[in-house]
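Order of the sequence lines sets the chain letters (A, B, ...), proteins ahead of strands, with each chain counted from 1. Note: hydrogens, waters and symmetry copies are ignored here, and every other heavy atom, side chains too, is used. Values in this document were obtained by computation on a predicted structure and should not be read as measured data.
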Number of protein chains: 2
Amino acid sequence: MIKNTKKRNEILMIIQNTNKPLTAQEIYDAIFPTTSINLSTVYRNLELLCQENILLKEIRNDKKSYYQMNSYIHKHRVICTKCHCDIIISDCPLKKLENAIEKSTGYQLTSHIFELSGICPQCQSKEK
Amino acid sequence: MIKNTKKRNEILMIIQNTNKPLTAQEIYDAIFPTTSINLSTVYRNLELLCQENILLKEIRNDKKSYYQMNSYIHKHRVICTKCHCDIIISDCPLKKLENAIEKSTGYQLTSHIFELSGICPQCQSKEK
DNA sequence: GTATATGCAAAATGTTTGCGTTATG
DNA sequence: CATAACGCAAACATTTTGCATATAC
(Lines give C-alpha, C1' and ligand atoms only; values in the text may rest on other atoms or scores of the structure.)
Protein backbone atom coordinates (compact mmCIF):
# COMPACT_ATOMS: atom_id res chain seq x y z
CA MET A 1 0.00 0.00 0.00
CA ILE A 2 1.42 3.34 -1.07
CA LYS A 3 1.60 5.95 1.63
CA ASN A 4 1.26 9.67 1.21
CA THR A 5 4.51 11.34 2.21
CA LYS A 6 5.76 14.88 2.00
CA LYS A 7 8.90 13.94 0.08
CA ARG A 8 7.02 11.87 -2.47
CA ASN A 9 4.70 14.80 -3.09
CA GLU A 10 7.64 17.16 -3.48
CA ILE A 11 9.12 14.89 -6.13
CA LEU A 12 5.87 14.74 -8.06
CA MET A 13 5.39 18.47 -7.75
CA ILE A 14 8.79 19.22 -9.26
CA ILE A 15 8.17 16.89 -12.18
CA GLN A 16 4.71 18.29 -12.82
CA ASN A 17 5.95 21.86 -12.78
CA THR A 18 8.81 21.24 -15.20
CA ASN A 19 8.11 20.90 -18.88
CA LYS A 20 10.94 18.53 -19.67
CA PRO A 21 12.12 15.15 -18.39
CA LEU A 22 14.37 15.37 -15.33
CA THR A 23 17.10 13.21 -13.84
CA ALA A 24 17.10 11.99 -10.26
CA GLN A 25 19.93 14.40 -9.49
CA GLU A 26 18.07 17.36 -10.97
CA ILE A 27 15.02 16.52 -8.90
CA TYR A 28 17.18 16.16 -5.81
CA ASP A 29 18.82 19.53 -6.48
CA ALA A 30 15.44 21.18 -6.90
CA ILE A 31 14.09 19.84 -3.63
CA PHE A 32 17.13 19.97 -1.38
CA PRO A 33 17.38 23.74 -0.79
CA THR A 34 13.86 23.72 0.65
CA THR A 35 13.42 20.26 2.11
CA SER A 36 16.16 17.93 3.28
CA ILE A 37 16.05 14.73 1.24
CA ASN A 38 18.35 11.88 0.28
CA LEU A 39 19.21 10.83 -3.27
CA SER A 40 18.22 7.23 -2.47
CA THR A 41 14.80 8.42 -1.51
CA VAL A 42 14.47 10.19 -4.82
CA TYR A 43 15.51 7.05 -6.68
CA ARG A 44 13.22 4.79 -4.69
CA ASN A 45 10.26 7.05 -5.28
CA LEU A 46 10.93 7.46 -8.97
CA GLU A 47 11.14 3.70 -9.34
CA LEU A 48 7.87 3.22 -7.49
CA LEU A 49 6.06 5.91 -9.46
CA CYS A 50 7.21 4.29 -12.69
CA GLN A 51 5.85 0.94 -11.59
CA GLU A 52 2.54 2.64 -10.96
CA ASN A 53 2.69 4.14 -14.46
CA ILE A 54 2.48 7.59 -12.98
CA LEU A 55 5.90 8.42 -14.34
CA LEU A 56 7.63 7.55 -17.58
CA LYS A 57 11.34 6.77 -17.57
CA GLU A 58 13.72 6.97 -20.49
CA ILE A 59 17.43 6.23 -20.41
CA ARG A 60 19.42 8.46 -22.71
CA ASN A 61 22.87 8.07 -24.17
CA ASP A 62 24.42 9.93 -21.26
CA LYS A 63 23.38 6.84 -19.26
CA LYS A 64 21.11 8.90 -17.06
CA SER A 65 17.45 8.12 -16.54
CA TYR A 66 15.01 10.92 -17.27
CA TYR A 67 11.59 11.04 -15.70
CA GLN A 68 8.42 12.79 -16.79
CA MET A 69 4.71 12.48 -16.14
CA ASN A 70 3.16 9.62 -18.11
CA SER A 71 0.34 11.79 -19.33
CA TYR A 72 -1.53 11.67 -22.57
CA ILE A 73 0.35 14.75 -23.64
CA HIS A 74 4.06 14.20 -23.59
CA LYS A 75 7.04 15.04 -25.70
CA HIS A 76 9.78 13.47 -27.75
CA ARG A 77 13.10 14.81 -28.94
CA VAL A 78 15.20 14.90 -32.07
CA ILE A 79 18.90 14.95 -31.24
CA CYS A 80 21.75 16.00 -33.50
CA THR A 81 24.48 13.37 -33.68
CA LYS A 82 27.09 16.03 -34.53
CA CYS A 83 26.56 18.92 -32.11
CA HIS A 84 24.16 17.17 -29.69
CA CYS A 85 21.65 19.98 -29.81
CA ASP A 86 18.04 18.88 -29.60
CA ILE A 87 14.57 20.09 -30.32
CA ILE A 88 11.25 18.99 -28.94
CA ILE A 89 8.42 17.51 -30.93
CA SER A 90 5.52 18.80 -28.94
CA ASP A 91 2.79 16.41 -29.97
CA CYS A 92 3.48 12.73 -29.62
CA PRO A 93 2.58 11.31 -33.02
CA LEU A 94 2.25 7.70 -31.95
CA LYS A 95 -1.34 7.41 -30.76
CA LYS A 96 -2.65 5.84 -33.94
CA LEU A 97 0.25 3.45 -34.15
CA GLU A 98 -0.33 2.33 -30.60
CA ASN A 99 -3.90 1.35 -31.26
CA ALA A 100 -2.79 -0.80 -34.16
CA ILE A 101 -0.01 -2.38 -32.09
CA GLU A 102 -2.38 -3.14 -29.22
CA LYS A 103 -4.58 -5.04 -31.63
CA SER A 104 -1.78 -6.98 -33.26
CA THR A 105 0.09 -7.90 -30.06
CA GLY A 106 -2.64 -8.15 -27.43
CA TYR A 107 -0.54 -6.02 -25.09
CA GLN A 108 -2.34 -3.25 -23.20
CA LEU A 109 0.09 -0.40 -23.79
CA THR A 110 0.92 1.91 -20.92
CA SER A 111 3.89 3.90 -22.16
CA HIS A 112 6.60 4.19 -24.75
CA ILE A 113 10.00 5.60 -25.47
CA PHE A 114 10.60 7.33 -28.77
CA GLU A 115 13.67 9.31 -29.61
CA LEU A 116 15.08 10.37 -32.95
CA SER A 117 18.64 11.10 -34.02
CA GLY A 118 19.77 12.98 -37.06
CA ILE A 119 21.75 15.93 -38.31
CA CYS A 120 20.45 19.38 -37.48
CA PRO A 121 20.10 22.08 -40.18
CA GLN A 122 23.20 23.98 -38.97
CA CYS A 123 25.44 20.92 -39.08
CA GLN A 124 24.04 20.00 -42.49
CA SER A 125 25.15 23.33 -43.93
CA LYS A 126 28.56 23.07 -42.26
CA GLU A 127 29.12 19.75 -43.99
CA LYS A 128 28.91 21.29 -47.45
CA MET B 1 40.51 7.90 -40.79
CA ILE B 2 38.94 4.59 -39.85
CA LYS B 3 41.20 1.60 -40.31
CA ASN B 4 40.18 -1.86 -41.29
CA THR B 5 41.03 -4.23 -38.47
CA LYS B 6 40.31 -7.86 -37.87
CA LYS B 7 38.65 -7.28 -34.51
CA ARG B 8 36.42 -4.52 -35.82
CA ASN B 9 35.29 -6.82 -38.60
CA GLU B 10 34.61 -9.61 -36.13
CA ILE B 11 32.39 -7.31 -34.12
CA LEU B 12 30.41 -6.25 -37.16
CA MET B 13 30.11 -9.84 -38.33
CA ILE B 14 28.60 -10.98 -35.04
CA ILE B 15 26.07 -8.17 -35.06
CA GLN B 16 25.11 -8.77 -38.66
CA ASN B 17 24.62 -12.47 -38.11
CA THR B 18 22.43 -12.05 -35.04
CA ASN B 19 18.84 -11.02 -35.45
CA LYS B 20 18.50 -9.16 -32.20
CA PRO B 21 20.32 -6.29 -30.49
CA LEU B 22 23.37 -7.40 -28.48
CA THR B 23 25.26 -6.04 -25.49
CA ALA B 24 29.00 -5.40 -25.50
CA GLN B 25 29.46 -8.39 -23.22
CA GLU B 26 27.47 -10.69 -25.50
CA ILE B 27 29.55 -9.60 -28.46
CA TYR B 28 32.72 -10.14 -26.47
CA ASP B 29 31.58 -13.62 -25.43
CA ALA B 30 30.80 -14.51 -29.02
CA ILE B 31 34.21 -13.44 -30.30
CA PHE B 32 36.49 -14.49 -27.46
CA PRO B 33 36.49 -18.28 -27.95
CA THR B 34 37.80 -17.81 -31.48
CA THR B 35 39.78 -14.58 -31.37
CA SER B 36 41.38 -13.01 -28.32
CA ILE B 37 39.86 -9.59 -27.73
CA ASN B 38 39.45 -7.13 -24.88
CA LEU B 39 36.14 -5.74 -23.64
CA SER B 40 37.47 -2.18 -23.97
CA THR B 41 38.14 -2.81 -27.61
CA VAL B 42 34.58 -3.97 -28.09
CA TYR B 43 33.26 -0.85 -26.36
CA ARG B 44 35.52 1.47 -28.33
CA ASN B 45 34.50 -0.05 -31.61
CA LEU B 46 30.82 -0.03 -30.81
CA GLU B 47 31.05 3.63 -29.90
CA LEU B 48 32.86 4.45 -33.14
CA LEU B 49 30.44 2.48 -35.28
CA CYS B 50 27.53 4.29 -33.69
CA GLN B 51 29.10 7.65 -34.47
CA GLU B 52 29.36 6.52 -38.08
CA ASN B 53 25.67 5.57 -38.00
CA ILE B 54 26.58 2.03 -38.89
CA LEU B 55 25.21 0.80 -35.60
CA LEU B 56 22.21 1.80 -33.55
CA LYS B 57 22.44 1.86 -29.78
CA GLU B 58 19.59 1.66 -27.32
CA ILE B 59 19.89 1.63 -23.54
CA ARG B 60 17.30 -0.56 -21.87
CA ASN B 61 15.99 -0.63 -18.34
CA ASP B 62 18.58 -3.19 -17.32
CA LYS B 63 21.00 -0.27 -17.88
CA LYS B 64 22.84 -2.12 -20.59
CA SER B 65 23.41 -0.76 -24.07
CA TYR B 66 22.19 -2.91 -26.94
CA TYR B 67 23.63 -2.59 -30.42
CA GLN B 68 22.16 -3.54 -33.79
CA MET B 69 22.76 -2.65 -37.41
CA ASN B 70 21.20 0.69 -38.31
CA SER B 71 19.54 -0.77 -41.39
CA TYR B 72 16.31 0.15 -43.02
CA ILE B 73 14.85 -3.07 -41.68
CA HIS B 74 15.06 -3.21 -37.94
CA LYS B 75 12.91 -4.20 -35.03
CA HIS B 76 11.22 -2.83 -31.96
CA ARG B 77 9.94 -4.49 -28.84
CA VAL B 78 6.90 -4.41 -26.60
CA ILE B 79 7.79 -5.20 -23.00
CA CYS B 80 5.46 -6.31 -20.24
CA THR B 81 5.79 -4.16 -17.12
CA LYS B 82 4.58 -7.03 -14.91
CA CYS B 83 6.48 -10.15 -16.02
CA HIS B 84 9.09 -8.45 -18.25
CA CYS B 85 8.44 -10.76 -21.16
CA ASP B 86 8.71 -9.14 -24.55
CA ILE B 87 7.71 -9.62 -28.14
CA ILE B 88 9.16 -8.24 -31.32
CA ILE B 89 7.38 -6.00 -33.78
CA SER B 90 9.09 -7.08 -36.94
CA ASP B 91 8.36 -4.14 -39.19
CA CYS B 92 9.34 -0.74 -37.96
CA PRO B 93 6.17 1.31 -38.44
CA LEU B 94 7.80 4.73 -38.24
CA LYS B 95 8.92 5.43 -41.80
CA LYS B 96 5.99 7.68 -42.68
CA LEU B 97 6.27 9.54 -39.42
CA GLU B 98 9.95 10.18 -40.02
CA ASN B 99 9.34 11.82 -43.35
CA ALA B 100 6.88 14.20 -41.74
CA ILE B 101 9.25 14.94 -38.88
CA GLU B 102 12.15 15.64 -41.25
CA LYS B 103 10.01 18.22 -42.98
CA SER B 104 8.81 19.91 -39.83
CA THR B 105 12.17 19.99 -38.01
CA GLY B 106 14.71 20.26 -40.82
CA TYR B 107 16.74 17.47 -39.22
CA GLN B 108 18.10 14.78 -41.52
CA LEU B 109 17.11 11.70 -39.55
CA THR B 110 19.60 8.86 -39.25
CA SER B 111 18.13 6.62 -36.56
CA HIS B 112 15.62 6.31 -33.78
CA ILE B 113 14.80 4.45 -30.63
CA PHE B 114 11.26 3.21 -30.12
CA GLU B 115 10.18 0.91 -27.36
CA LEU B 116 6.75 0.18 -25.97
CA SER B 117 5.69 -0.93 -22.52
CA GLY B 118 2.40 -2.48 -21.53
CA ILE B 119 0.74 -5.47 -19.95
CA CYS B 120 0.94 -8.74 -21.81
CA PRO B 121 -2.15 -10.89 -22.44
CA GLN B 122 -1.18 -13.44 -19.74
CA CYS B 123 -0.74 -10.80 -17.06
CA GLN B 124 -3.97 -9.15 -18.11
CA SER B 125 -5.92 -12.33 -17.45
CA LYS B 126 -4.14 -12.92 -14.13
CA GLU B 127 -5.28 -9.49 -12.97
CA LYS B 128 -8.95 -10.39 -13.22
C1' DG C 1 56.64 6.82 -40.07
C1' DT C 2 52.40 8.58 -38.37
C1' DA C 3 47.80 8.01 -37.02
C1' DT C 4 44.76 4.70 -35.39
C1' DA C 5 43.71 0.58 -32.73
C1' DT C 6 44.45 -2.50 -28.84
C1' DG C 7 45.26 -4.56 -24.02
C1' DC C 8 45.42 -3.99 -19.36
C1' DA C 9 44.32 -2.12 -15.04
C1' DA C 10 42.29 1.45 -12.67
C1' DA C 11 38.76 4.91 -12.35
C1' DA C 12 34.35 6.90 -13.10
C1' DT C 13 29.44 7.04 -13.07
C1' DG C 14 24.70 6.41 -12.19
C1' DT C 15 22.01 3.47 -9.52
C1' DT C 16 20.85 -0.03 -5.96
C1' DT C 17 20.87 -2.24 -1.45
C1' DG C 18 21.20 -3.52 3.66
C1' DC C 19 20.01 -2.02 7.80
C1' DG C 20 18.60 0.70 11.58
C1' DT C 21 15.34 4.43 12.38
C1' DT C 22 11.19 7.19 11.50
C1' DA C 23 6.63 8.21 9.92
C1' DT C 24 2.09 6.92 7.98
C1' DG C 25 -2.57 4.78 7.94
C1' DC D 1 1.15 -1.33 15.77
C1' DA D 2 2.18 -3.11 11.40
C1' DT D 3 3.77 -1.63 7.04
C1' DA D 4 5.91 1.57 4.22
C1' DA D 5 9.30 5.24 3.76
C1' DC D 6 13.69 7.28 4.81
C1' DG D 7 18.85 8.28 5.59
C1' DC D 8 23.28 6.80 5.40
C1' DA D 9 27.12 4.34 3.78
C1' DA D 10 28.71 0.76 1.22
C1' DA D 11 28.21 -2.02 -2.83
C1' DC D 12 27.20 -2.79 -7.76
C1' DA D 13 27.58 -3.01 -12.75
C1' DT D 14 28.45 -1.08 -16.86
C1' DT D 15 31.21 1.86 -19.26
C1' DT D 16 35.26 4.93 -19.80
C1' DT D 17 40.07 6.32 -19.57
C1' DG D 18 45.35 6.67 -19.29
C1' DC D 19 49.13 4.81 -20.94
C1' DA D 20 52.23 1.68 -23.16
C1' DT D 21 52.45 -1.32 -27.12
C1' DA D 22 51.06 -3.01 -31.65
C1' DT D 23 49.03 -2.60 -36.16
C1' DA D 24 47.25 -0.46 -40.50
C1' DC D 25 47.90 2.65 -44.25
Side-chain angles (χ1 to χ4, degrees), chain A residues 1-15 20-68 79 81 84 113 115 117, chain B residues 1-15 20-68 79 81 84 113 115 117:
Chain A
M1 198 243 147
I2 288 195
K3 292 182 179 174
N4 180 11
T5 69
K6 187 182 174 199
K7 313 210 169 180
R8 177 128 67 224
N9 290 336
E10 293 256 15
I11 291 169
L12 271 172
M13 208 69 85
I14 298 288
I15 296 173
K20 61 168 192 177
L22 295 171
T23 63
Q25 185 67 53
E26 287 172 330
I27 294 164
Y28 173 85
D29 291 341
I31 295 174
F32 193 74
T34 322
T35 312
S36 153
I37 194 171
N38 192 275
L39 233 198
S40 309
T41 305
V42 176
Y43 273 112
R44 276 195 266 240
N45 275 295
L46 291 173
E47 188 59 34
L48 185 68
L49 292 165
C50 281
Q51 275 169 29
E52 301 293 317
N53 286 312
I54 294 166
L55 295 183
L56 189 58
K57 167 184 176 178
E58 55 173 304
I59 309 184
R60 296 191 188 161
N61 275 357
D62 60 6
K63 289 183 307 176
K64 291 177 192 153
S65 297
Y66 287 76
Y67 302 86
Q68 63 180 310
I79 306 146
T81 53
H84 304 104
I113 291 165
E115 207 170 271
S117 303
Chain B
M1 200 241 150
I2 287 195
K3 292 183 179 174
N4 181 9
T5 69
K6 187 183 175 200
K7 313 208 171 182
R8 177 127 68 222
N9 290 336
E10 293 256 14
I11 291 168
L12 271 172
M13 208 69 86
I14 298 289
I15 297 173
K20 61 168 192 177
L22 296 171
T23 63
Q25 185 67 53
E26 286 171 331
I27 295 164
Y28 172 84
D29 290 342
I31 295 174
F32 193 75
T34 322
T35 311
S36 153
I37 194 171
N38 191 276
L39 233 198
S40 309
T41 305
V42 176
Y43 273 111
R44 277 195 266 238
N45 275 295
L46 291 173
E47 188 58 33
L48 186 66
L49 293 165
C50 281
Q51 275 168 28
E52 301 293 318
N53 286 314
I54 295 165
L55 295 183
L56 188 59
K57 167 184 176 178
E58 56 172 303
I59 308 184
R60 295 191 188 161
N61 275 357
D62 59 8
K63 288 184 305 176
K64 291 177 193 152
S65 298
Y66 288 76
Y67 301 85
Q68 63 179 310
I79 305 144
T81 54
H84 304 105
I113 290 165
E115 207 171 270
S117 302

* Looking only at side-chain N and O atoms, does A:N45 come under 4.0 Å of OP1 or OP2 in D:dC6? -> yes
* Hey, does the side chain of A:T41 come within less than 4.0 Å of D:dG7's phosphate (OP1/OP2), counting only N and O? -> yes
Send over the distance from [X] [atom1] to [N] [atom2], rounded to a whole Å.
| X | N | atom1 | atom2 | value |
| --- | --- | --- | --- | --- |
| B:K7 | C:dA5 | NZ | P | 14 Å |
| A:F32 | D:dC6 | CZ | C1' | 14 Å |
| A:D29 | C:dG14 | CG | C1' | 14 Å |
| A:L49 | D:dA4 | CG | C1' | 14 Å |
| A:I27 | C:dT15 | CD1 | P | 10 Å |
| B:I2 | D:dC25 | CD1 | P | 12 Å |
| A:I31 | D:dG7 | CD1 | P | 10 Å |

* To do: Check for a donor-acceptor pair, side chain of A:R8 on one end and backbone N or O of A:K3 on the other, with a separation under 3.5 Å.
  => yes
* To do: Take the C1' atoms of the five end pairs on each side of the helix from C:dG1-D:dC25 to C:dG25-D:dC1, derive the two axes, and give their angle rounded to 10 degrees.
  => 50°
* Structure fact -> CE (A:M13) and CD1 (A:I11) are apart, to the nearest 0.5 Å, by 11.5 Å
* To do: Any pair with a residue in residues 38-48 of chain A that passes salt bridge (Lys or Arg N to Asp or Glu O under 4.0 Å), sequence neighbours left out, goes on the list, sorted by first then second residue, please.
  => A:E47-A:K57
* Asked: Got a sec, which residues hit side chain to side chain donor-acceptor pair (under 3.5 Å) with A:N53, two or more places apart in sequence or on another chain?
  -> none
List the atom pairs, with distances to 0.1 Å, where a side-chain N or O of residues 31-43 of chain B and a protein N or O form a donor-acceptor pair under 3.5 Å, not counting sequence neighbours.
unit_1 : atom_1 : unit_2 : atom_2 : d
B:T35  : OG1    : B:E10  : OE2    : 2.7
B:N38  : OD1    : B:S40  : N      : 2.9
B:N38  : OD1    : B:S40  : OG     : 3.1

* Asked: For A:K64, what residues pass the side-chain contact (heavy atoms from CB on, under 4.5 Å) criterion, not counting sequence neighbours?
  -> A:T23, A:D62, A:Y66
* Could you check A:I59 against A:I113 for side-chain contact (heavy atoms from CB on, under 4.5 Å), going step by step and ending with a plain yes or no? => CA-CA 9 Å; A:I59 309 184; A:I113 291 165; over 6 Å; no
* Structure fact -> Nearest-nucleotide check on DNA chain D, A:R8 vs B:K3; residue mapping nearer the 5' end is A:R8
* Asked: Which pair of heavy atoms, one from A:E26 and one from A:P21, lies closest together, and at what distance?
  -> OE1-O, 4.2 Å
* For the student: nearest non-hydrogen atoms of A:I27 and A:L22, plus distance -> CG1-CB, 3.8 Å
* Asked: Nucleotide by nucleotide, 5' to 3', does protein get under 4.0 Å of the base (B), only the sugar-phosphate (S), or neither (-) in nucleotides 8-16 of chain D, counting heavy atoms?
  -> BB----SSB
